[in-house]
Amino acid sequence: MTRSTPPTPPGPPGPPTSEPADEDLLRRLVPQVLGALVRRYGHFDAAEDAVQEALLAAARQWPEEGRPRNPRGWLIRVASRRLTDQLRSEDARRRREETAAALTPRDEFVAPPPGEGRAPAEDDTLALLFLCCSADLPAAGRIALTLRAVGGLTTAEIARALLVPEATMAQRISRAKRRIKTSPSPFRTAKQEQEGEREREGAARLADVLHVLYLIFNEGYTASSGRELQRADLATEAIRLTRAVHALLPDDGEVAGLLALMLLTDARRAARTGPDGSLIPLAEQDRTLWDRAAVTEGVALVSDALTRTPLGPYQLRAAIAAVHDEAASDEDTDWVEILALYEVLIRLVPGPVERLGHAVAVAMVHGPRRALELLAALDDDDHLAGHHRLEAVRAHLLERAGDRAAARAAYTKAAGLTLSAPERRYLRSRAARIAE
């Protein structure tokens with residue numbers, strides 16, 4: 001879907017329900033509610049605080065009174081009351097006129113008063129996404145703030161996703177919030193962004209938007225920490241937002257490529273875990289469980305983009321995913337084609353993650369020893385050195401090369417570095433299998 005479900009008319013609260021769980025629903029609604037408040041009132045920091053208060057109110061009231069029929073509208077209404085109360089109380093006598101002006105919707109947006117039956121027609125989450133990727137913010141701040149406000153990730157999760165220390169990430173988010181507070185730039189909608197500074201600032205902002213959506217999806221597809229391997233709500237939201245961007249920019253090859261990449265990757269979701277939540281690697285997955293409709297859509301998107309738009313990294317990643325998904329079995333995978341695609345990708349984006357994937361493809365075509373030589377160069381990379389994925393790939397290659405003792409040590413080291421319980425269990429099981 002590319003649009004939010006139309007709001008339900010206001011009415012009394014419905015009966016208590018647990019489908020989906022209130023916690024998951026609230027997490028999914030946070031960016032929509034925050035976007036609605038920021039669009040109407042500005043005051044990013046104050047709006048964020050008001051949304052948090054509304055979430056606390058929901059956590060207290062919904063279990064006892066039942067979930068309202070329109071949870072999003074309920075949260076917007078409660079958060080709006082908190083925000084207006086806060087603004088009115090700030091030095092009311094001396095700054096009455098200024099506060100009243102701040103409460104008036106900006107001229108650029110004709111937004112109806114927030115409420116259960118009067119939500120803005122445009123997706124506020126998408127508008128919030130473009131706001132957080134404003135050119136007034138440094139690139140690192142744009143990505144960090146967007147992952148926090150739109151993706152709902154914690155500071156620690158963002159730090160792990162971007163491979164930087166948590167303290168550094170906290171500073172970036174704080175600086176970005178302060179910059180937005182003092183920025184003269186309006187809260188531009190996605191439509192305005194499309195029609196406005198598309199050549200220079202708009203292109204840079206779009207690149208950041210796509211990068212953020214990619215990171216949100218990755219955190220949803222493989223959670224960086226916790227008891228569950230996947231966070232389906234994040235992956236689904238990333239796909240929904242990317243569809244919305246694609247609807248606005250249907251001729252942009254990289255937008256189509258990113259959407260294709262998400263669909264082709266998420267298509268494997270049902271086969272990635274066992275009944276007990278254990279991780280199942282790609283080579284061992286039951287491919288009959290893959291979502292073939294998503295595979296078909298993803299292949300069509302990337303095929304079209306590759307034939308009529310300039311080549312970009314997301315299209316190449318999607319093409320690699322398509323080769324995997326179109327193979328009937330792991331043995332049928334065309335690793336020669338995948339290696340050729342990686343060779344082009346690392347010329348465009350010579351990042352550590354891309355080089356790690358390239359090393360795996362080299363191992364499948366030319367053998368593990370040559371790939372291990374490539375991994376040695378990544379040991380000095382500040383972003384990847386000490387990361388569990390580097391050690392996990394090294395362990396896999398050492399096992400293929402027959403160096404069982406070194407492989408077991410690498411699996412054990414990788415298990416100690418990851419904060420994901422399913423990944424830790426899988427890596428320890430590999431080490432134990434070698435020992436046996």
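Throughout, residue positions are numbered sequentially from 1 according to the sequence presented. These figures come from a predicted structure and were not determined experimentally.
- Shown here for Ala363 and Arg400, the closest heavy-atom pair between the two residues is O-NH2, 3.7 Å.
- Considering only heavy atoms from C-beta on, Val245 comes within 4.5 Å of Leu206 through its side chain.
- Ion pairing between Asp276 and Arg425 fails under the 4.0 Å rule for side-chain N and carboxylate O.
- Judged by distance alone, with hydrogens and angles left aside, the side-chain atoms of Arg424 form a donor-acceptor pair with the main-chain N or O of Thr418 at under 3.5 Å.
- Put simply, the side chain of Arg72 does not reach to within 4.5 Å of the side chain of Leu75, judged on heavy atoms.
- Judged by distance alone, with hydrogens and angles left aside, the side-chain atoms of Gln315 form a donor-acceptor pair with the main-chain N or O of Pro310 at under 3.5 Å.
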Begin from the C-alpha positions of Val360 and Val393 and carry the test side-chain contact (heavy atoms from CB on, under 4.5 Å) through to its verdict. CA-CA 7 Å; Val360 173; Val393 170; 3.8 Å; yes

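- Taken to the nearest 0.5 Å, the CZ atom of Arg227 stands 12.0 Å off from the OG atom of Ser420.
- With Tyr221 as the aromatic partner, Arg268 does not meet the cation-pi criteria of under 6.0 angstrom to the ring centre and within 45 degrees of the ring axis.
- Looking at Ile158 and Arg172, their side chains never come closer than 4.5 Å, going by heavy atoms from C-beta outward.
- Side-chain atoms of Glu157 come within 3.5 Å of backbone N or O of Thr154 as a donor-acceptor pair.
- Under the ring pair (Phe, Tyr, Trp, His ring centres under 6.0 Å) criterion, Tyr214 pairs with Tyr314, sequence neighbours left out.
- Pairs engaging residues 401-421 under the salt bridge (Lys or Arg N to Asp or Glu O under 4.0 Å) rule: Glu391-Lys413 [sequence neighbours left out].
- A distance-only check finds no donor-acceptor pair linking the side chain of Arg389 to the backbone of Val353 [under 3.5 Å].
- A 4.5 Å side-chain heavy-atom check between Tyr342 and Arg355 finds every atom pair outside the cut-off.
- Going from atom CZ of Arg269 over to atom CZ of Arg272 covers 9.5 Å, rounded to the nearest 0.5 Å.
- Minimum heavy-atom separation, Ala395 to Ala410: CB-CB, 3.5 Å.
- Atom CZ of Arg394 and atom CG of Leu397 lie 9.0 Å apart (nearest 0.5 Å).
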Please test Arg287 against His324 for side-chain contact (heavy atoms from CB on, under 4.5 Å), starting from the C-alpha separation and ending with a verdict. CA-CA 11 Å; Arg287 300 188 177 212; His324 280 295; 5.5 Å; no

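- Residue Ala79 comes nearest to Val33 through the heavy atom pair CB-CG1, 4.3 Å, listed as atom of the first residue, atom of the second, then distance.
- Between Leu229 and Thr222, some side-chain heavy-atom pair lies under the 4.5 Å cut-off.
- Of all the heavy atoms in Pro281 and Leu279, the pair that sits closest is N-CD2, 3.7 Å.
- Here the closest heavy-atom approach between residue His388 and residue Ala414 is recorded as CB-O, 3.4 Å.
- Contact annotation: the side chain of Leu261 never approaches that of Phe217 to less than 4.5 Å [non-hydrogen atoms, C-beta and beyond].
- At distances below 3.5 Å, at least one donor-acceptor pair connects side-chain atoms of Glu219 with backbone N or O atoms of Ser224.
- Minimum heavy-atom separation, Leu289 to Ala271: CB-CB, 4.0 Å.
- Between Asp252 and Thr309 there is no side-chain heavy-atom pair separated by less than 4.5 Å.
- In this structure, Glu228 places its CD atom where only 12 or fewer heavy-atom neighbours from other residues, nucleotides or ligands lie under 6.0 Å away.
- The backbone N or O of Ser303 sits less than 3.5 Å from a side-chain atom of Thr307, completing a donor-acceptor pair.
- The NE2 atom of His387 sits 12.5 Å away from atom CG of Leu378, with the distance rounded to the nearest 0.5 Å.
- Between Leu213 atom CG and Thr242 atom OG1 the span is 4.0 Å, to the nearest 0.5 Å.
- Side-chain contact check for Leu398 versus Pro368: every heavy-atom pair is 4.5 Å or farther apart.
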For Leu311 and Val344, run side-chain contact (heavy atoms from CB on, under 4.5 Å): C-alpha distance rounded to whole Å, both residues' side-chain angles, the deciding distance at 0.1 Å, then the answer. CA-CA 10 Å; Leu311 186 64; Val344 179; 3.9 Å; yes

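- Here CD1 of Ile280 is found 7.0 Å from CD of Gln285. Values are rounded to the nearest 0.5 Å.
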Audit row: Ile239, Leu259, side-chain contact (heavy atoms from CB on, under 4.5 Å) steps and yes/no: CA-CA 7 Å; Ile239 292 173; Leu259 179 56; 4.2 Å; yes

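- For the side-chain contact (heavy atoms from CB on, under 4.5 Å) with Val299, the qualifying choice from Val295, Thr296, Leu301 is Val295, the only one to do so.
- For Glu297 and Arg243, the salt-bridge test passes: some basic side-chain N is under 4.0 Å from an acidic carboxylate O.
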